[in-house]
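Report on the structure given below.
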Amino acid sequence: MARPAPLAVPAAAPASRDRLLLLEDEAAEAEATARILGAGGFDVVVAGGIGPAREILDKGGIDAVVADLRLADGSALDLLEDLRRSNQA
């Protein structure tokens with residue numbers, strides 16, 4: 001008995017990549033983490049501190065934040081709390 005021909009599966013349209021803000025003040029850690037997250041399918045934007053992170057977030061287009069909690073210029077918890085408050089308004 002002949003085997004049926006394989007079904008042609010149309011290529012899926014490329015999915016939109018989620019844009020992730022990585023907040024890390026140690027360059028080596030930021031580079032390694034960004035590489036891993038990028039390989040996992042995320043479009044990664046890196047900020048080295050609270051100030052740059054606020055600027056990126058103010059521009060919009062960020063779907064999620066991954067943050068080192070202890071930064072040289074402050075606590076990421078404060079930034080995340082501000083973000084939570086602004087999203088409730």
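One is the number of the first residue; the rest follow in order along the sequence.
- Here the closest non-hydrogen pair linking Ala64 and Ile62 is O-CG2, 3.2 Å.
- No donor-acceptor pair closer than 3.5 Å links the side chain of Thr33 to the backbone N or O of Ala30.
- Partners of Glu29 according to the side-chain contact (heavy atoms from CB on, under 4.5 Å) rule, which considers only residues two or more places apart in sequence or in another chain, are Glu24, Glu26.
- Of all non-hydrogen atoms in Asp25 and Gly48, the two that sit nearest each other are CB-O, 3.2 Å.
- Of the options Leu80, Leu69, Ile56, Ile50, a side-chain contact (heavy atoms from CB on, under 4.5 Å) to Leu23 is made by Ile50 and by none of the others.
- Hydrophobic side-chain contacts under 4.5 Å tie Phe42 into a cluster, directly or through other members, with Leu20, Leu22, Leu37, Val44, Val46, Val66.
- Nearest approach of Ala47 to Leu21, heavy atoms of both residues: CB-CD1, 3.8 Å.
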* Asked: Could you go step by step and tell me if Leu57 and Leu79 meet the side chain to side chain contact (heavy atoms under 4.5 Å, CB included) rule?
  -> CA-CA 10 Å; Leu57 290 167; Leu79 174 69; 4.2 Å; yes
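- Among residue pairs with one or both ends in residues 49-76, those qualifying as side-chain hydrogen bond (donor to acceptor under 3.5 Å, both in side chains) are Arg54-Asp82; sequence neighbours excluded.
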